[in-house]
Amino acid sequence: VPSSEQRDFRAQLEALGVRVEVFDNIRFDEVLENITRLGSLVGREREAQARVKAIRDERAAVTRAVAGLPPPRVLLVLQREPIFVVGRGNFIEEMVQAAGATNLGAEFADAYPQVTVEWVVARAPEVLLDMSLEPEEPASYWSRWPSLPALARGRVLRLDPALVSMPGPHLDRALEKLAVGLYGDEILPAIERERAFVDDASHELRTPLAMHKTELELALRYAETPEE
């Protein structure tokens, strides 16, 4: 993964004739492409393709499970002091969008901007998902600012940064955790139903005779308006 700290080390390795692979892991599709690349590099193409499919299927299931729900206004905190949040144009924000929420940090062009406490209070998040490594419980820490709507709603929660903020092969699990953080455990049955639908559709699409039937069912099920 490229970073300013790694550039010199990369140059040193290349000077020694060592092959160096560079992976851009900012956007969701980049992460999936990198899973495929890594699979090819280590001779595990089939396993990599299966992981990518599982992630794509889970994204589809989560998106369909939350369709029609009011979009919660969420703030995703990566660090508390100073405060860094999830901004625009990164794979975490894309997962939040897939889960039907509005990312308050998206007003910043930076992927992971630094913000002030005053900005957090002014944005009044309905859900605050804390991925910082500080030991104090999120609800206790953020209770210093009692006007936050997320506190009154009981929606100040800790998320595992190793799962959600790492651009790795388990974004399917991260999507589920994000959905639960946004909507509570009540969303799980809907996700499970949509998983079954996506899986059935995937199997049907493998049979040519059923392809047109499945495409029509998908179109009717997820049309935005009755006219569509």
Side-chain angles (χ1 to χ4, degrees), residues 25-26 28 31 55 58-59 61-168 170-192 194-195:
N25 271 329
I26 301 298
F28 191 87
V31 179
I55 293 168
E58 185 72 358
R59 179 172 62 176
V62 168
T63 297
R64 288 158 183 160
V66 304
L69 297 177
R73 301 171 66 256
V74 61
L75 183 66
L76 295 101
V77 175
L78 299 169
Q79 180 179 307
R80 295 177 189 167
E81 297 179 4
I83 303 173
F84 282 87
V85 302
V86 173
R88 189 193 316 163
N90 61 78
F91 73 97
I92 305 175
E93 187 206 18
E94 290 178 82
M95 291 194 294
V96 169
Q97 291 174 339
T102 300
N103 174 28
L104 296 177
E107 71 177 67
F108 298 100
D110 291 345
Y112 306 108
Q114 181 177 345
V115 301
T116 65
V117 169
E118 291 77 13
W119 179 88
V120 173
V121 172
R123 292 304 173 273
E126 297 170 333
V127 180
L128 193 154
L129 301 179
D130 191 320
M131 292 180 279
S132 63
L133 297 176
E134 285 84 350
E136 185 177 358
E137 284 301 311
S140 172
Y141 177 82
W142 293 102
S143 67
R144 295 170 172 82
W145 299 278
S147 65
L148 292 173
L151 285 168
R153 292 168 175 255
R155 305 305 298 166
V156 177
L157 306 169
R158 186 188 296 277
L159 284 186
D160 181 3
L163 178 62
V164 178
S165 67
M166 296 297 290
H170 299 296
L171 295 187
D172 50 339
R173 292 167 53 198
L175 281 158
E176 180 187 282
K177 292 296 185 184
L178 275 171
V180 171
L182 291 166
Y183 302 99
D185 290 337
E186 296 81 4
I187 198 64
L188 288 173
I191 294 175
E192 190 59 39
E194 296 300 338
R195 283 178 186 147

Reported [atom1]-to-[atom2] distance for the pair [X] and [Y], which is rounded to 0.5 angstrom:
X      : Y      : atom1 : atom2 : result
Leu128 : Leu76  : CG    : CG    : 8.0 Å
Met131 : Phe84  : CE    : CZ    : 14.0 Å
Arg59  : Met95  : CZ    : CE    : 10.5 Å
Leu163 : Lys177 : CG    : NZ    : 7.5 Å
Leu175 : His170 : CG    : NE2   : 13.5 Å
Glu126 : Leu148 : CD    : CG    : 12.0 Å

Can a donor-acceptor pair be found, under 3.5 Å and without considering hydrogens, that links the side chain of [X] to the backbone of [Y]?
X      : Y      : result
Arg80  : Asp130 : no
Glu93  : Arg88  : no
Arg155 : Gly181 : yes
Tyr112 : Asn90  : no
Asp185 : Val180 : no

Smallest separation among heavy atoms of [X] and [Y], with atom names:
X      : Y      : answer
Pro72  : Gly100 : CD-O, 4.0 Å
Pro71  : Thr102 : CB-OG1, 4.1 Å
Ser165 : Phe91  : O-CZ, 3.4 Å
Val62  : Ile191 : CG2-CD1, 4.2 Å
Gln114 : Pro82  : NE2-CB, 3.3 Å
Ala101 : Tyr183 : N-OH, 4.1 Å

Electrostatic pair Arg173:Glu176 at N-O distance under 4.0 angstrom | no
From CA spacing to verdict: side-chain contact (heavy atoms from CB on, under 4.5 Å), Asn103, Val85 | CA-CA 10 Å; Asn103 174 28; Val85 302; over 6 Å; no
Apply side-chain hydrogen bond (donor to acceptor under 3.5 Å, both in side chains) to Ser147 and list each qualifying residue two or more places apart in sequence or on a separate chain.
-> none
Contacts of Tyr141 that satisfy side-chain hydrogen bond (donor to acceptor under 3.5 Å, both in side chains) - sequence neighbours left out = Glu81
After noting the C-alpha distance and the side-chain angles of Gln97 and Phe28, does the key distance pass the side-chain contact (heavy atoms from CB on, under 4.5 Å) rule?
-> CA-CA 11 Å; Gln97 291 174 339; Phe28 191 87; over 6 Å; no
Between [X] and [Y], is any pair of side-chain heavy atoms under 4.5 Å apart?
X      : Y      : result
Leu182 : Val74  : yes
Leu171 : Val31  : yes
Trp142 : Val120 : yes

Decide side-chain contact (heavy atoms from CB on, under 4.5 Å) for Ile187 and Leu69; before the verdict, give the C-alpha distance in whole Å, the side-chain angles of both, and the deciding distance to 0.1 Å.
-> CA-CA 10 Å; Ile187 198 64; Leu69 297 177; 3.8 Å; yes
